[in-house]
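To find a chain, count down the sequence lines: A is the first, B the second, and so on, and within it residues start at 1. Hydrogens, waters and symmetry mates are skipped; everything else that's a heavy atom, side chains included, is used.
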Protein chains: 2
Amino acid sequence: MEKIDKRANILEAAEKLFIELGYEATSTRQIAKDAAVNMAMINYYFGSKDGVFMEIMSQRIADFNAQLSCLDQGNMSGMEKLLKVIEGYTTRILSNPGFHKMMHRELSMPQRPEMFFKIKNSMAQNLMIIEKIITDGITEGSFRQVDVRMLIATIMGTISNVAISPSKITSGTTLDINNEEDRELITIRLIDHLKDLIITYLTPKNDT
Amino acid sequence: MEKIDKRANILEAAEKLFIELGYEATSTRQIAKDAAVNMAMINYYFGSKDGVFMEIMSQRIADFNAQLSCLDQGNMSGMEKLLKVIEGYTTRILSNPGFHKMMHRELSMPQRPEMFFKIKNSMAQNLMIIEKIITDGITEGSFRQVDVRMLIATIMGTISNVAISPSKITSGTTLDINNEEDRELITIRLIDHLKDLIITYLTPKNDT
DNA sequence: AGAAATTAATCAATCGATTGATTAATTTTG
DNA sequence: CAAAATTAATCAATCGATTGATTAATTTCT
């Protein structure tokens with residue numbers, strides 16, 4: 001029988017190569033080879049190399065957004081909401097740092113405008129969720145007055161930095177973000193740090 | 001007379017294209033065209049496309065390190081030192097966000113190992129400067145006890161995020177990091193934010 | 001100084017290799 | 001048998017690099 005899903009094979013092999021080599025440096029021949037599939041299958045299933053890329057990105061982004069859209073509910077306090085969202089983002093992004101790396105790379109080369117805007121909009125959407133929570137918190141006085149956009153850059157930037165930068169740099173000399181066990185430890189450590197940072201920074205000072 | 005420096009022209013045109021399109025997507029033909037130079041001049045002066053890229057990166061990195069290596073001196077307090085370094089980094093990186101973008105892109109594709117390690121080492125060096133300041137501050141009790149590496153990820157990540165992400169996302173709806181005037185405003189805003197954040201986060205709590 | 005020799009700079013043309021994509025033929029499946 | 005899936009072979013286009021020839025500038029020799 002050995003019925004193999006060639007379509008899925010292509011997606012899997014392509015994602016791995018795109019992450020590793022980037023879009024341009026990845027050839028359709030290499031994708032076909034790694035997927036153990038004839039070259040023409042790529043165009044048969046996805047129309048083009050671009051089609052493969054779009055499919056991968058769209059899937060992951062949709063998946064990402066779906067898992068995060070259900071985080072902001074419930075009658076929690078502003079701080080509880082914010083910490084919950086941060087924890088969700090961190091866990092989600094660090095669960096697949098390779099894809100996050102690829103996404104950022106793509107965002108830094110606005111060559112495929114369609115994909116560029118898809119990523120940008122996805123980010124903007126997530127950003128607005130956080131922005132609303134912080135702004136509301138400031139309005140009702142439970143948060144200090146801060147530069148909201150810059151604070152969001154701090155949150156997102158910290159997560160990205162841990163996900164993308166060579167882990168030997170970020171997390172110390174021993175941990176490797178590409179190792180599953182280490183990644184769990186890094187994730188916990190990052191969440192703890194962000195919580196501590198946000199609580200310390202946003203909690204109003206009790207003046208006399 | 002009109003003696004033009006073709007070598008410099010090539011470097012300038014190439015950097016612009018590398019930033020905009022990425023290494024792979026930039027053709028030597030386009031570089032030659034934009035530099036108003038014959039194709040063969042690229043190989044004549046730099047040996048190869050890779051040679052051009054290496055030259056650009058090496059120059060910028062050396063320049064960057066030179067400008068920053070002189071920041072950590074003087075008999076300032078730990079906090080003063082740290083804020084000074086952060087201000088220096090921010091100013092320097094935001095003065096050329098395009099290059100920073102390209103550097104991160106390159107760091108996410110370890111295809112040219114030589115360049116990868118050059119960038120990595122440059123970053124590691126800068127990282128160690130900050131780490132020492134923070135660690136010393138913690139030891140002597142002027143800083144709170146925090147996860148140093150993660151805090152560095154926050155500092156670097158925040159700066160990178162502002163430099164790299166589409167500015168409409170980071171800095172609000174009106175500012176554009178590619179506009180010179182806006183960039184100045186963003187730089188000031190980012191420095192203010194980081195100072196506020198770091199001071200708030202690292203200043204020991206005055207318990208009862 | 002001036003002719004001769006040497007080096008540096010520049011060019012058009014083209015190389016072989018590789019790219020993404022397509023075709024036409026074949027096999028598998030329902 | 002007909003539709004879908006798969007293959008090998010091939011397409012034009014583009015890639016980075018190199019060639020041999022030509023011109024401009026510099027150095028050497030007398």
Side-chain angles (χ1 to χ4, degrees), chain A residues 1-59 102 105-106 109-116, chain B residues 1-59 102 105-106 109-116:
Chain A
M1 291 293 99
E2 294 284 347
K3 187 69 180 101
I4 50 169
D5 188 345
K6 303 199 173 188
R7 211 189 104 101
N9 273 16
I10 292 173
L11 288 176
E12 190 183 344
E15 180 174 11
K16 203 169 293 182
L17 287 169
F18 284 150
I19 289 175
E20 205 172 330
L21 309 174
Y23 178 83
E24 306 288 346
T26 299
S27 72
T28 52
R29 283 174 174 78
Q30 188 66 43
I31 296 176
K33 192 179 174 188
D34 287 14
V37 142
N38 187 282
M39 262 196 64
M41 289 292 91
I42 292 174
N43 292 74
Y44 180 72
Y45 282 119
F46 303 100
S48 68
K49 178 183 174 181
D50 220 73
V52 180
F53 185 79
M54 294 293 180
E55 178 67 20
I56 294 172
M57 296 295 284
S58 301
Q59 268 187 19
M102 182 169 75
R105 206 162 44 204
E106 192 58 23
M109 293 185 282
Q111 299 192 74
R112 281 169 287 288
E114 188 187 346
M115 185 48 61
F116 178 80
Chain B
M1 293 296 99
E2 296 285 344
K3 188 73 182 98
I4 50 169
D5 189 345
K6 303 201 173 189
R7 210 189 105 101
N9 274 14
I10 292 174
L11 287 177
E12 193 184 341
E15 179 173 13
K16 205 169 291 181
L17 287 169
F18 285 150
I19 289 175
E20 203 172 331
L21 309 173
Y23 179 84
E24 306 288 345
T26 298
S27 73
T28 53
R29 283 173 175 79
Q30 189 66 44
I31 296 175
K33 192 178 173 187
D34 288 14
V37 144
N38 187 282
M39 263 196 66
M41 289 295 92
I42 293 173
N43 291 74
Y44 178 73
Y45 282 118
F46 305 100
S48 67
K49 179 182 174 182
D50 219 73
V52 180
F53 185 79
M54 294 292 181
E55 179 66 19
I56 294 172
M57 296 295 283
S58 300
Q59 268 187 20
M102 182 170 75
R105 205 162 45 203
E106 192 58 22
M109 291 186 284
Q111 297 191 75
R112 280 169 288 287
E114 188 188 344
M115 186 48 61
F116 177 80

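Here C/dT22 sits opposite D/dA9 as a Watson-Crick or G-U wobble pair (both hydrogen-bonding atom distances under 3.5 Å).
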Which atoms of nucleotides 8-10 of chain D (N or O only) lie under 3.5 Å from a protein N or O atom, and what are those distances?
{"from": "D/dA8", "atom 1": "OP2", "to": "A/Asn38", "atom 2": "ND2", "distance (Å)": "3.2"}
{"from": "D/dA8", "atom 1": "N7", "to": "A/Asn38", "atom 2": "ND2", "distance (Å)": "3.3"}

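A search for side chain to side chain donor-acceptor pair (under 3.5 Å) contacts involving A/Glu12 returns nothing, not counting sequence neighbours. For A/Gln30, the side chain to side chain donor-acceptor pair (under 3.5 Å) test picks out A/Asp34, with sequence neighbours left out. In this view, A/Glu24 satisfies the side chain to side chain donor-acceptor pair (under 3.5 Å) rule with no residue, not counting sequence neighbours. Every residue was checked against the salt bridge (Lys or Arg N to Asp or Glu O under 4.0 Å) condition with B/Arg29, not counting sequence neighbours, and none meets it. Looking at residues two or more places apart in sequence or on another chain, you find a side-chain contact (heavy atoms from CB on, under 4.5 Å) between A/Met109 and A/Arg105, A/Gln111, B/Arg105.
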Pairs of donor and acceptor atoms involving the side chains of residues 14-23 of chain A, under 3.5 Å and at least two apart or interchain, shall be tabulated with distances.
{"from": "A/Glu15", "atom 1": "OE1", "to": "A/Arg60", "atom 2": "NH2", "distance (Å)": "2.9"}
{"from": "A/Glu15", "atom 1": "OE2", "to": "A/Arg60", "atom 2": "NE", "distance (Å)": "2.9"}
{"from": "A/Glu15", "atom 1": "OE2", "to": "A/Arg60", "atom 2": "NH2", "distance (Å)": "3.2"}
{"from": "A/Tyr23", "atom 1": "OH", "to": "A/Asp50", "atom 2": "N", "distance (Å)": "3.3"}
{"from": "A/Tyr23", "atom 1": "OH", "to": "A/Asp50", "atom 2": "OD1", "distance (Å)": "2.9"}

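Nucleotide D/dT14 holds its P atom 12 Å from the NZ atom of B/Lys33, rounded to whole Å. Rounded to whole Å, atom C1' of D/dG16 lies 12 Å from atom CZ of B/Phe18. Following rounding to the nearest Å, B/Phe53 (CZ) and D/dG16 (C1') show an atom-to-atom distance of 16 Å. Atom-to-atom, CD of A/Gln30 to C1' of C/dT19 comes out at 13 Å; the value is rounded to the nearest Å.
The list of side-chain hydrogen bond (donor to acceptor under 3.5 Å, both in side chains) pairs with a residue in residues 38-47 of chain B, not counting sequence neighbours, is empty.
Note: B/Ile31 CD1 to B/Lys49 NZ = 6.5 Å, rounded to the nearest 0.5 Å.
Considering only side-chain N and O atoms, B/Lys6 lies nowhere under 4.0 angstrom from the phosphate OP1 or OP2 of D/dA24.
Contacts of residues 41-50 of chain B with DNA chain C (heavy atom under 4.0 Å): B/Met41, B/Tyr44, B/Tyr45.
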